[in-house]
Each structure stands twice: as structure tokens, then as C-alpha cells.
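Working notes, beginning with the structure itself.
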Amino acid sequence: MRHKLGLIGFSYLAGLICAEFFGTATTGVFAIAALLMISALAVTRRGKSAAVSVTLFTFSAAMIIHGIYTITVYIPVTEYDGKTVEINGTITDVVYYDHDTAAFTIKTNINGAETSINMFGEDNGGETGDNIKITVKLSILKDNQSFSEKSYYKPKNIFLSASPKSKAEITSRKNLSLKKLVSDYSDYIGERISLLLRGEEGDILKAMFMGDKTGLSDSLSENIKRAGISHFTAVSGLHLTLISHIVLLIVSLTPLRHHRYLKFSVLTSIILLFMLFFKLSHSVVRAGIMLIIFYGCEPFMRKSNVFNSVGAAVLIITLPDPYACFDAGLLLSVAGTL
């Protein structure tokens, strides 16, 4: 059967998307029905029947996994809506604002499930990688007229927001962390741009190359939208693709081009460092996975196939996080790549 990996990846994605529209019970019924159809086709293992069997099996497996994830992670976490609790976690992202305020993303454990929460409040000095202990009131994310908060954060495994109810206790990690070093260097570059280029020029440059749009005024943001270039102010797969292809061009001019494993290692290292530089942004991580799989065909003497490559990338991205199936960036990346 040709394009088996691509067929599995896209069947799995289709199963997750369908499961998102239905309740857990309905999803279970559909999954059982699909498995029964597979049993009926099991007697024939050639031609189209094999492809149909693989598709139905992967589709039903995706629906079952989506239901298990909902029961074991989403429901236990959202049961804490409206409750005041003390959380212990790790700061995974910080965005600083005026008047000594900041928005934190904190990875923690709620009701036995590992998840992340958003917290906006006073700048407590916490940095990426620090441990934090604080009492907060949790609220479930909801879509509203100004911002589809739930739809945007649910694919990122963030289901709750937190309002601080006590002073935070911050514990800085003493051990050396490559992620923190690269993240700190990213912040340093942003600060240097602000110092060297003041005004709107510096703000636009930071938005285009760093993905930091906090300095853009409302009028400038509106002008960028009207010009139809909003995608240039968000770090995405476009940036990573340009960087990796430039690196590939440079490598192809050196003796490394004759060593496929070494060339692949160099490209993968650059892609991973780029992902760290932009603090493991979801769009950059997903683009990085797609590129690593694409470049990985040559070392293993496999012919590059976009359908199989994208299917494999979709499978890798959605296996640990089934809700990623509704991430607009992922769906646009898949459609754009194809």
C-alpha cells in the first residue's frame, strides 16, 4: 500500500477532528462501529480493503484516544473552575507589560492531571524556568466577542486562567539550562533592538524577527492588518523555513555535503536551537518537526514525499496532545504545505 504513513497521519487527524464535535459517549459509539467494520473487512487484505482497514482503524483509534484524554485530563482540570487553590509549578513563559505587570504561563498539576494555566498579575520577578508557589482562583477559559480565548488556548493544553490571591514564592533553578540560556539570549536581542532602534521602526523589527508585538501601537497594528502583512509579525514556519534553507545552502557549499548524516545533524541542531530561541512557540515547534522529518529522508535513503512527511508530522504533533487538531496554525500549515 503506497503512502501508508501519510494515510495513517491524516486518518488520525480526521478522527480527532470528528471526536471534537461530539460528546464522549457518541465518540465511543462511532469508534466501536468503525472497529466492527474493520472486522468485516479483515478477511480481505489486498488492494483497497487494506487501505480502508488502515483508515478505519486509525480513525477509530484517534476517537478513542481523544475520549480518554478528555476523561483523564480535560474534565478533571476544568472541575476546578471557580475554586481557590495553592499551585506549585514551573514558569514556562513570561510576557512583560507596563506598570510592572506580566502574563505568566505556568506548568503545574491540577487534580492529578498535568496542564498549564495562564496568570496575569503583578510582575513578581519570576523568569522562564523558575519554580513558583502561589494561591490563585481558577476560571475556565471562555470565548467572547473580543477574543476567542478558549479556542485559542485549548489546543495548547491550557484550559484555565488564574487570578493571584497571594504573594508568589519564586525559587530560581540553580542548574544550567540550555533552554533558559537561549531564551535569555532571545530577550537580550530584543532589548538591543529597542535600544538601537527607537520608535516604530524598532517596534516593527521586533515584531517581524522576534514575534514581540507588545510595542506596536493600536494605529500601527491596524495599518499592518490593512496592508495584509500580519503574518510577518508572528514568528512561524516561514521564519524557520527561510533560516533552514539558508543553512542548507551554506552546508551544500562545504565538504559536509558529502556526509549525509553529518549534514542532517547540523540542520537538525540549527532547527532545534531556533525553536529554543523563540521559546518553543507552538507554530515554530510544529514547523520544526515537519522540516526535520523532511530533511530526515535523505540520511535514511528514502525518497522525500510530502504526503508521508506531513502525515508523519501530524501524527507526532497530535499524539501527545489530541486537542492540537483544532489549532488554526497547524491546520493552515498542513494545508499550505500540501
Report summary line: Closest non-hydrogen atoms of F59 and C18, given as atom of the first, atom of the second and distance, are CZ-SG, 3.7 Å
Query - Min side-chain heavy-atom separation T58-F10 under 4.5 Å - result: no
Query - T135 side chain reached by K165 side chain, heavy atoms, under 4.5 Å - result: yes
Report task. Check E149 against K142 and note the closest heavy-atom contact, atom names and distance. Result -> CB-O, 3.3 Å
Query raised in the report: Given side chains that start at C-beta, do those of Y12 and I65 come closer than 4.5 Å, heavy atoms only?
Result: yes
Requested in this report: Examine distances only and state if a side-chain atom of D327 and a backbone atom of A324 form a donor-acceptor pair shorter than 3.5 Å.
Outcome: no
Query raised in the report: Counting only heavy atoms not in E114, do more than 12 fall under 6.0 Å of its CD?
Result: no
Report task. I would like to know whether Y153 and S161 meet side chain to side chain contact (heavy atoms under 4.5 Å, CB included); could you show each step before the answer? Result -> CA-CA 10 Å; Y153 284 111; S161 62; over 6 Å; no
Requested in this report: Answer yes or no: does atom CZ of F326 have more than 12 heavy-atom neighbours from other residues, nucleotides or ligands under 6.0 Å?
Outcome: yes
Report task. May I have the step-by-step check of side chain to side chain contact (heavy atoms under 4.5 Å, CB included) for Y69 and D321, ending in yes or no? Result -> CA-CA 8 Å; Y69 190 82; D321 182 12; 3.8 Å; yes
Query raised in the report: Going only through I, L, V, M, F, W and Y residues with side-chain contacts under 4.5 Å, is there a path from L273 to I246?
Result: no
Query raised in the report: Rounded to the nearest 0.5 Å, how far apart are OG of S116 and CD1 of I91?
Result: 12.0 Å
**Report entry** Which atom of G121 lies closest to which atom of P164, heavy atoms considered
**Finding:** CA-CG, 4.4 Å
Query raised in the report: For the side-chain contact (heavy atoms from CB on, under 4.5 Å) test, which of I117, N111, I140 pairs with Y80?
Result: N111
Report task. Report yes or no: does D143 contribute a side-chain atom to a donor-acceptor pair with the main-chain N or O of S151 at less than 3.5 Å? Result -> yes
Query raised in the report: Is the side chain of N131 donor-acceptor paired with the backbone N or O of T90 at a distance under 3.5 Å, no angle test?
Result: no
Report task. Decide whether L262 and L248 are clustered together by the hydrophobic rule: side chain heavy atoms of Ile, Leu, Val, Met, Phe, Trp, Tyr closer than 4.5 Å, transitively. Result -> yes
Requested in this report: Check the pair Y74, T115 against side-chain hydrogen bond (donor to acceptor under 3.5 Å, both in side chains), reporting the backbone distance first and the verdict last.
Outcome: CA-CA 9 Å; Y74 182 73; T115 185; over 6 Å; no
Query raised in the report: Does the pair V310 and V314 meet the rule for a side chain to side chain contact (heavy atoms under 4.5 Å, CB included), with working shown?
Result: CA-CA 6 Å; V310 176; V314 166; 4.2 Å; yes
Query - Minimum heavy-atom distance K83-E79, with the two atoms named - result: CE-O, 3.7 Å
Report task. Please step through side chain to side chain contact (heavy atoms under 4.5 Å, CB included) for the pair K156 and Y323, ending with a clear verdict. Result -> CA-CA 8 Å; K156 297 173 174 59; Y323 290 164; over 6 Å; no
Query raised in the report: Between S139 and D81, is any pair of side-chain heavy atoms under 4.5 Å apart?
Result: yes
Query raised in the report: Can you name the nearest heavy-atom pair linking T72 to P76, along with the distance?
Result: O-CG, 3.4 Å
Query raised in the report: Under a 4.5 Å cut-off applied to non-hydrogen side-chain atoms, are I289 and I293 in contact?
Result: yes
**Report entry** Distance (rounded to the nearest 0.5 Å) between I134 CD1 and S163 OG
**Finding:** 10.0 Å
Query raised in the report: Of the non-hydrogen atoms in A113 and V77, which two are nearest, and what is the gap between them?
Result: CB-CG2, 3.8 Å
Report all side-chain donor-acceptor pairs from residues 102-110 shorter than 3.5 Å, counting only partners two or more places apart or in another chain.
| residue | atom | partner | partner atom | Å |
| --- | --- | --- | --- | --- |
| T108 | OG1 | N88 | O | 2.7 |
| N109 | OD1 | G112 | N | 3.1 |

Query - Separation between CG of L13 and OG1 of T318, rounded to the nearest 0.5 Å - result: 6.5 Å
Report summary line: When rounded to the nearest 0.5 Å, the distance separating CG of L267 from OG of S244 is 7.5 Å
Requested in this report: Determine the interplanar angle of the Y295 and H245 rings, folded into 0 to 90°, and report it as parallel if under 30°, tilted if 30 to 60°, perpendicular if over 60°.
Outcome: tilted
Query - Distance, nearest 0.5 Å, that separates CG of L315 from CG of N308 - result: 11.5 Å
Query - ILVMFWY network linking V266 to I250, side-chain heavy atoms under 4.5 angstrom - result: no
Report task. Ignoring hydrogens and angles, tell me if any N or O in the side chain of T268 forms a donor-acceptor pair with the backbone of S265 under 3.5 Å. Result -> no
Query - Atom pair CD1/CE of I68 and M63 - distance to nearest 0.5 Å - result: 13.0 Å
